[in-house]
Structure formats: structure tokens, C-alpha cells
Amino acid sequence: TIFYNVMMKSLRNGKQWEVLEELAMEMIEKGIQLDNVSYSTIITCAKRCNFFDKAIEWFERMYKTGLMPDEVTYSAILDVYAKLGKTEEVLSLYDRARADGWEPDAVTFSVLGKMYGEIGDYDGIQYVLQEMRGIGIKPNLIVYNTLLEAMGKAGKPGLARSLFDEMIRSGLQPNVITLTALIKIYGKARWARDAFELWEEIKSNNWPVDFILYNTLLSMCADLGREEEAEKLFDDMKKSELCKPDSWSYTAMLNIYCNGGEVEKAHELFREMLGSGNKLNVMSFTCLIQCYGRAKRFDDVVEVFNIMVERGVRPD
RNA sequence: UUGGACGUAGA
């Protein structure tokens, strides 16, 4: 069994669903017992290959064999239903499993929290927090990250901040994902002051930073029209080793200049981007085309479009 | 180390 499980794991990493399923069928034909590791590997492979129906099919097959799912298999299948947006199924499966004496763990709650975040269900998030406390599970870093982001999606930036504070008080160090999520939440709440305060705190605490975090700050600046701060951040990126600007960074900067009507700056930056060796994407072209369109520079619109086609970027 | 959960852009 372990041999097959290891095989299936590597197939899963290569997203080879068809081959993996054949192997699983072979196990059944040869009478080799599938255990929870086998089933959870099968389920997550199907999920990663977007064959959600297959994931459910295999879970039901497991159920029929009478093998009890363990906490890993449960979270794996709950995540499948959650990603399908089948909230009812998630909850009924959760309740049924609880009734069978199953003890959920931190991963379970991050799956549930993520689901409620996606639908912006504040009461759902509270339910997760309450269940977690009731069972006596201490949230780990990922659970905090998930719930914090969910609070943001439910339109509760203040509560997201409270969770962040609670996390720090509990002695957990935030990672770059925590910080990026918070910055995005503050940006969407138009809390620029809080976001920049957090940015200072990040630097003074030596908390981790990467190019995605920078990009998140840049998009916030774009949304809120904070050109000066953005230019400073963009400059930092160019000077840094690990956080070089990518096409997302350029797109954010182009947005700032376009929204500010600074067509020349946008044009100059666009040239820089073309020469930067970055993979180009539709977003930056879309932005620039709009910019020229608004400035009634239609010859430039055509030129940008032609460059886009030349560079092999497909319009969507 | 046989298996599960988290972060960035345009219209």
C-alpha cells in the first residue's frame, strides 16, 4: 500500500490524474487495501486537476467500503465541496462527521473559514471562530491568515485587524501572506493611513516582504491615487535584489499615471517595461490603451495594440 | 520526511 501511495503522490505532483486513477483501480483489482492516505491523495489529485466530481466519486467509494475517513480525508473532501461553493453539503458533512465522533483540527477550520470568506458570510466566520474555541483548537498561522482574509472579504476590516492583533499577542509571527492580506484589506477599506503604518511596522520589525506584498501596496496606491508613495515603493523594488518589479508592478504604476492623466509618464514607463525583460500581460496594455483613448491619442492606441500583437500577448 | 488548508492588477 505504501508503495502505491508514494507512486500516487508523485503522480499527483505531476497532475497526472488519468494515470493516478488507473493506478488506484489497479490497487482495487489486485486486492491491495486502500487506506486514508491513498484516498486523500486521490481526492487532492482530482481536486488539483479540477476533476471535482471525481474527488467526490472516490470519497463515496471509500465510504461504501466502510473505511472511516480520518481528519485529513475529511478536510480534503470538505475543501472540494467548499471550492464548488456547496456550502450546504460542507455543513451537513461536517455535522455528520462530528456526530460520528470526529474531531476537526486547525486545517478543517481554515477550509471552513476560507469558504465563508469566499461568500462574504460574516456569521459563518463567527461560527468558525466559535466552533474552534468550543473544541479547544488553537488557531495556527494559516488559520489566522485565512480568517483574517475572510473578515476582509466580509467587509469587516476592523475585525481583521483585531484578529491580527490577537495573533501577535498569542506569540505567532506573521508571514508575508498575513501581511499582504492585511494590506489588501486596508486598501479596499480605503484605510491608506493604516496600510502605511503597517508598512512602517513591517520594516521596523523586519517582518518578511516579497514582490507580491510590494505589488499589493502599489495597487492600493493606484486605487487611492497615492502617486508619491507608489513611486518611492517602485524605486525600492528596482533597488532590491529579491523584489524586482514584475508585470503586475508595472501595471499598477501605469494605472496611477493613467488615472492621473499623466500620459507622458505612462508612455515612458511603458517603454521601460518593454525593455525590462518581464513577461508582458494584457492588463498593462489594456490600461495604456484606455489611457490613450481618454487622451484621444488614437494613433498611439493603434501602436500599443500592434506592439501587443507583436509581443505575442493575446487580447482577451 | 506515504496524504489535507492561506496572499497581488484592468473592462
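By convention in this document, chain letters (A, B, ...) are assigned in the order of the sequence lines, proteins followed by strands, and residues within each chain are numbered from 1. Values below: every heavy atom of this structure, side chains too, minus hydrogens, waters and symmetry copies. This is a predicted model, so every value here is computed, not measured.
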Practice task
State which residues pass ring pair (Phe, Tyr, Trp, His ring centres under 6.0 Å) with A:Tyr257; sequence neighbours excluded, sorted by chain then number.
Solution key: none
Exercise for the section: Could you tell me whether A:Leu213 contacts a base, only the sugar-phosphate backbone, or nothing, with contacts defined as non-hydrogen atoms closer than 4.0 Å? Expected result: base
Which side-chain N or O atoms in residues 296-305 of chain A pair as donor and acceptor under 3.5 Å with protein atoms at least two apart or in another chain?
unit_1, atom_1, unit_2, atom_2, d
A:Arg297, NE, A:Asp300, OD2, 2.7
A:Arg297, NH1, A:Glu264, OE2, 2.9
A:Arg297, NH2, A:Asp300, OD2, 3.0
A:Glu303, OE2, A:Arg271, NH2, 2.9

Practice task
Measure from CG on A:Leu172 to C1' on B:rC6 and round the result to the nearest Å.
Solution key: 14 Å
Problem - Sugar-phosphate only, base, or nothing, as touched by A:Asn140 at under 4.0 Å among non-hydrogen atoms - result: base
Exercise for the section: Could you tell me whether A:Arg161 and A:Asp194 have a side-chain N and a carboxylate O separated by less than 4.0 Å? Expected result: yes
Exercise for the section: Indicate, with a heavy-atom threshold strictly under 4.0 Å, whether A:Thr73 touches base, sugar-phosphate, or nothing. Expected result: base
Exercise for the section: Classify the side chain of A:Asp105 versus the base of B:rA5 as yes if they form a donor-acceptor pair under 3.5 Å and no if they do not. Expected result: no
Exercise for the section: May I ask you to say what A:Thr216 touches in the nucleic acid, namely base, sugar-phosphate or nothing, with a heavy-atom cut-off under 4.0 Å? Expected result: sugar-phosphate
Fill in the blank from the handout: With the side chain defined as heavy atoms from C-beta on, A:Thr108 is closest, among B:rG4, B:rA9, B:rG3, to B:rG4
Practice task
Look at the side chain of A:Thr180 and decide which nucleotide, out of B:rC6, B:rG10, B:rU8, has an atom nearest to it.
Solution key: B:rU8
Exercise for the section: With heavy atoms under 4.0 Å as the rule, sort A:Asp246 into base, sugar-phosphate or nothing. Expected result: nothing
Exercise for the section: Assign A:Ala181 to base, sugar-phosphate, or nothing according to its heavy-atom contacts below 4.0 angstrom with the strands shown. Expected result: sugar-phosphate
Practice task
Could you tell me whether A:Gln290 contacts a base, only the sugar-phosphate backbone, or nothing, with contacts defined as non-hydrogen atoms closer than 4.0 Å?
Solution key: sugar-phosphate
Handout entry: Parallel, tilted or perpendicular, as decided by the 30° and 60° cut-offs, for the rings of A:Phe51 and A:Trp17
Key = tilted
